[in-house]
Amino acid sequence: MVEALKDMFNKEFFDRFTKDLKLIIKDFNTRKFISQIMDDEWEKKEFKQRCWHITTVLKNFLPADYKDAIAKILELLSHLKDVHNFSEIDDTTFGLSLEYGWILDNFVEQYGLDDYETSIKAIEKITQFTSCEFSVRPFIIKYPEKMMKQMLAWSKHEHWGVRRLSSEGCRPRLPWSMALPNLKENPAPIIPILENLKNDVSRFVRLSVANNLNDIAKDNPATVINLVKKWQGKSENINWIIKHGCRTLLKQGNAETMEIFGFNDIKDISIKDFKISTPKVKINESLEFGFTLMNNSSKKIKIRLEYGIYYQKANETLSKKVCKISEKEYAKNSITHITRKHSFKVVTTRVLHPGLHQVSIIINGKEFEKYDFELIDKK
């Protein structure tokens, strides 16, 4: 069974964390700290609530003044770098575990919003050991112009983690975090940051640029399309960024985006003999289907081949998810037989509802006929 995210805050973690806190807090009382964490509500708390609660308790053991508390946190980072012998300039991974990051990130977000200067200096340092993409967002909302100027300055920082933060922190739709309504409406302040980072030496920074583009595309597709046209062909790294950054537009079948990447007209492409081998699919098993793709042209054609799964929702309407099969060129006058399996294994990110579902084939953004199948309870 997959461990719930909230269960990462377990005995092993608190053993490490309290041991590390003893490095900076004189006469640190481990038993008292743990007893305050494990209160009567602990088991009921979900992941974010646990992060918030741990941070609240931590504050009781740090100096009351925010500046002094931050100084202790920075002292902790210095100790951890020496004790655990990790490098703060390694651009393959962060030095601190995610659990540490979430707590330190939360501390700045929770208590530092009214002390801009102290918090910004702390974020710049902390994010070199973990990631402050969550804590920076309330600052962008409260201090929009000042903060975006800071993000732009960070995009030229010598440390890859700070450069990554300059993009990741201002993603308009960052998962698990508050949205940034002003940047969803007008992403113009983000573009100079992405311009600075589009050829960054760190692959983590480049991935953030792509994810930021993908966020922007959901509200401002024309902005991303114009940027893609400007950037395309500049380098292999940039080509990867724009392709990954356009993944939502491609899944949506955006015609202009399809054309940019060479997925053109499919008048000479047809599909036949579509067959569902499992018209009744049990939960935790797989839908199996196949079809024949025919290129009736006298020249090869580049095809983005996908399928759509229409999941039944609780209200008995259908919700579409697009899944990629392949992107490749199909030879002239070719006949290709394709089979596919789609898992209906129970996962935490989607609730499965028995009943009518549908599947369709999508070629270069054009959706063909939908076919029915039934999802049935495993019992």
Side-chain angles (χ1 to χ4, degrees), residues 1-7 44-49 171-179 181 184-185 211 214-221 246-255 257-258 263 266 269-293 303-327 338-379:
M1 182 178 293
V2 178
E3 182 185 54
L5 194 58
K6 67 179 183 179
D7 292 331
K44 300 176 185 177
K45 295 182 189 297
E46 295 302 322
F47 169 69
K48 283 194 173 183
Q49 293 173 314
R171 285 178 57 184
R173 292 171 169 265
L174 182 69
W176 294 7
S177 188
M178 62 180 69
K184 285 174 65 177
E185 182 178 350
N211 287 337
N214 190 55
D215 277 12
I216 294 170
K218 294 174 182 178
D219 302 293
N220 298 275
C246 285
R247 60 189 183 274
T248 293
L249 293 177
L250 288 168
K251 283 190 174 185
Q252 291 172 347
N254 181 280
T257 307
M258 286 288 174
F263 303 114
I266 58 167
I269 300 295
S270 61
I271 57 174
K272 70 173 187 177
D273 300 331
F274 186 96
K275 181 180 180 181
I276 295 178
S277 303
T278 54
K280 293 183 183 292
V281 182
K282 293 181 181 179
I283 291 177
N284 278 329
E285 296 185 359
S286 295
L287 168 71
E288 298 180 21
F289 61 93
F291 59 95
T292 299
L293 187 148
I303 287 179
R304 179 182 172 94
L305 185 60
E306 301 167 299
Y307 64 95
I309 293 289
Y310 287 79
Y311 287 91
Q312 184 163 144
K313 298 163 64 175
N315 63 3
E316 297 185 354
T317 62
L318 297 177
S319 174
K320 180 181 176 183
K321 176 180 173 60
V322 176
C323 303
K324 184 177 171 183
I325 297 176
S326 64
E327 284 184 2
I338 297 167
T339 59
R340 197 70 175 174
K341 289 185 178 182
H342 182 87
S343 173
F344 279 88
K345 184 178 179 179
V346 175
V347 294
T348 57
T349 53
R350 182 182 295 276
V351 177
L352 297 176
H353 300 281
L356 173 70
H357 287 57
Q358 293 180 324
V359 59
S360 65
I361 302 303
I362 304 168
I363 302 177
N364 289 3
K366 179 183 177 182
E367 186 170 29
F368 289 73
E369 184 180 355
K370 302 183 188 73
Y371 296 88
D372 296 345
F373 65 96
E374 184 180 2
L375 183 66
I376 58 178
D377 200 299
K378 59 183 177 180
K379 294 178 181 177

Exercise. What heavy-atom pair brings H357 and L375 nearest, and what distance separates the two atoms?
Worked result: CE1-CB, 3.6 Å
Seminar exercise, completed: When every non-hydrogen atom of I216 is compared with those of P172, the smallest separation belongs to CG1-CG, 4.0 Å
Exercise. Within a radius of less than 6.0 Å around NZ of K6, do more than 12 heavy atoms belonging to other residues, nucleotides or ligands occur?
Worked result: yes
Exercise. Could you give the distance from OG1 (T317) to OH (Y310), rounded to the nearest 0.5 Å?
Worked result: 12.5 Å
Exercise. Which atom names give the shortest non-hydrogen contact between D377 and I283, and what distance separates them?
Worked result: CA-CD1, 4.2 Å
For this session: Determine whether K370 and K320 make a side-chain contact, defined as any pair of heavy atoms from C-beta on separated by less than 4.5 Å.
Result: no
Exercise. Is there a side chain to side chain contact (heavy atoms under 4.5 Å, CB included) between T278 and E285 once you walk through the steps?
Worked result: CA-CA 10 Å; T278 54; E285 296 185 359; over 6 Å; no
Problem set entry | Spacing of CD1 belonging to I325 relative to CG belonging to L305, to within rounding of 0.5 Å | 4.0 Å
Exercise. Any donor-acceptor pair under 3.5 Å linking the side chain of N214 with the backbone of T248?
Worked result: yes
Problem set entry | E185 CD: over 12 foreign heavy atoms closer than 6.0 Å | no
Seminar exercise, completed: S343 and S286 have their tightest heavy-atom pair at CA-OG, 3.6 Å
Problem set entry | Check: V346 main-chain N/O paired with N284 side-chain donor or acceptor under 3.5 Å | yes
Exercise. Is atom NZ of K341 surrounded by more than 12 heavy atoms (other residues, nucleotides or ligands) closer than 6.0 Å?
Worked result: no
Problem set entry | Pairwise side-chain contact, D219 with R173, heavy-atom cut-off 4.5 Å (strictly under) | yes
For this session: Tell me whether the guanidinium CZ or amine NZ of K366 lies under 6.0 angstrom from the six-membered ring centre of F368 and within 45° of its axis.
Result: yes
Exercise. Does the N220 side chain pair with the main chain of K184, one donor and one acceptor, at a distance under 3.5 Å?
Worked result: yes
For this session: Side-chain contact test, heavy atoms from C-beta onward, threshold under 4.5 Å: evaluate it for H342 versus I309 and give yes or no.
Result: yes
For this session: Drop me the distance from F373's CZ to I276's CD1, to the nearest 0.5 angstrom.
Result: 6.5 Å
Exercise. Tell me, do M258 and R304 make a side-chain contact under 4.5 Å, heavy atoms counted?
Worked result: yes
Problem set entry | Distance-minimising heavy-atom pair for E306 and K324 | CG-CA, 4.0 Å
Seminar exercise, completed: In this structure, NZ of K272 is separated from CG of L293 (nearest 0.5 Å) by 11.5 Å
Seminar exercise, completed: Output for pair (I303 CD1, N364 CG), nearest 0.5 Å, gives 6.0 Å
For this session: Work out which heavy atom in L318 is nearest to a heavy atom in L356; give both atom names and the distance.
Result: CD2-O, 3.5 Å
Exercise. Do R350 and L352 come within less than 4.5 Å of each other through their side chains, counting heavy atoms only?
Worked result: yes
Problem set entry | Donor on one side chain, acceptor on other, N211 and R247, under 3.5 Å | yes
Seminar exercise, completed: d(I266 CD1, I362 CD1) to nearest 0.5 Å is 10.5 Å
Exercise. Is the centre of the F289 ring less than 6.0 Å from the centre of the Y307 ring?
Worked result: yes
For this session: Evaluate the ring planes of F274 and F291, with Trp represented by its six-membered ring, and classify them as parallel (under 30°), tilted (30 to 60°) or perpendicular (over 60°).
Result: parallel
